[in-house]
Amino acid sequence: MSRPPSLSSRAEALQPSLTLAISARAKALKLDGRDICSLSAGEPDFGTPHFIVEASIQALRDGLTRYGPAAGDPELREAIARKLSAENGIPTTAAEVMVTNGGKQAIYNLFQILLNPGDEVIIPSPYWLSYPEMARLAQARPVPVPSSAESGFALDLEALEAAITPASRLLVINSPGNPTGRVLTLEELKALAELVRRHPRLLVMADEIYEYLLDDRVTHHSFAAVAPDLKDRCFLVNGFAKGWAMTGWRLGYLSGHASVIQAASALQSQSTSNVCSFAQRGALAAIEGSRTCVQEMAASYNARRRLLTEGLQAMPGITLTPPSGAFYAFPQLPEGCPGSMTFCQTALEQEGLAIVPGGAFGDDRCVRLSCAVSRETITDGLARLARLLPAG
Ligand code: PLP
């Protein structure tokens, strides 16, 4: 066999996804007839609400099958700007919004547009696993700043400030957060704003993709609304995947300073052109429609999140920060357990339990479990997990 072509240094440096390795193994075991219980889902278990599907079908029937503007359907950009102004308290115009292929492409575009080689990206840890990889793809250096399960994953503001250097360019915040399900408080956001004010070169990206998936006891605050004076230094990432159960549609958006949006749209025009035109009509129906469907799905995750939380809290040795948003729990394993990758491999081989190693999110003592599965699956998964833990 001939030698494969050598890869670029960028591709060589890219970390293969640990989560994909686990789910590929889970699928292989299932095909072999093993009884697999998966709490590894990173997506809603609902179908997309009907009125959104219908709007997209109608767009197809109306012939909306051609290329569109790179920055997105003008009506959708207007609607997103209205939503951000009215719901999030961030006065926004359509020129400050672009539509992207999922929240993921919004982040990718932003990193490519803002970061130079050697720039540092401050990422509170645990973090969503794509941030460091995307920073590296932009030749920047990810700087994770840890927080711990023992402190409830509260932001360590002193450590964050200590991590800032003249090379620091971007601070990433994600609330409600994946994988911890933690929601940043108003006080934390205000303290972060103070910190950002002290460092004029620092920009902020707020990933708010789980904004609608919230426990009744907490409120979501957008960073740019908490610190209106910093609006020109704030970039907001959001999308339709989680709130409206539209993961496969690939619909997200980026908002921020119009000049950055223009540059990110130019990048998009040279890479993916535009987001699927008729899918954008579905997004328009979603964002302009009633939020009842979103609230009903959120209420269902809340009930299941409670079930998962209570089950984990009852396990001896587990340290859990009760999640109050998104659809994950991120317990720390008891003393004496192996690292998260080994633990998750054993969980899969021994108990047929698919969960995600916390090492992928920057904390090797934790594992991520999803509650976007049936109550029976949660109960079954908890029982399997309990059998893997040292006797308490
Ligand atoms: N941000 C966070 C924190 C996520 O968990 C995800 C997906 O899992 C995304 C962004 C990207 O979402 P999408 O590209 O599906 O819109």
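First listed ligand is number 1; within each ligand, the first listed atom is number 1. All values reported here derive from a predicted model rather than from experimental measurement. Computed from heavy atoms alone, side chains included, the values below leave out hydrogens, waters and symmetry copies.
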Check which hydrophobic residues are tied to L214 through side-chain heavy-atom contacts below 4.5 Å, counting indirect links as well, and list them.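 In the cluster with L214 are V183, V218.
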
Name the residues with a heavy atom less than 4.0 Å from ligand 1?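 Within the 4.0 Å shell of ligand 1, which is judged on heavy atoms, sit G102, G103, K104, W128, Y131, N174, N178, D207, I209, Y210, A241, K242, R250.
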
Distance in Å, L189 CG paired with H220 NE2, rounded so as to fall on 0.5 Å steps: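 So the gap between those two atoms works out to 8.5 Å.
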
By the salt bridge (charged side-chain N to carboxylate O under 4.0 Å, His left out) test, which pairs, at least two apart or in different chains, include something from residues 15-27?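 Residue pairs passing salt bridge (charged side-chain N to carboxylate O under 4.0 Å, His left out), neighbours aside: R25-E349.
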
Please verify the inter-ring angle class for Y210 with Y328; under 30° counts as parallel, over 60° as perpendicular, anything in between as tilted.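 Answer is perpendicular, since the angle exceeds 60°.
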
Give every donor-acceptor pair under 3.5 Å between a side-chain atom in residues 225-239 and any protein atom, sequence neighbours left out.
unit_1 : atom_1 : unit_2 : atom_2 : d
D229   : OD1    : R197   : NH2    : 2.9
D229   : OD2    : R197   : NE     : 2.6
D229   : OD2    : R197   : NH2    : 3.4
K231   : NZ     : P91    : O      : 2.8
K231   : NZ     : E96    : OE1    : 3.4
K231   : NZ     : E96    : OE2    : 3.1
R233   : NE     : L202   : O      : 3.1
R233   : NH2    : V196   : O      : 2.9
R233   : NH2    : H199   : O      : 2.7
R233   : NH2    : L202   : O      : 2.8
N238   : ND2    : E208   : O      : 3.4
N238   : ND2    : E211   : OE2    : 3.0

When you measure from the side chain of R365 to the backbone N and O of L333, does any donor-acceptor pair fall under 3.5 Å?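 Here the side-chain-to-backbone pair does not exist.
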
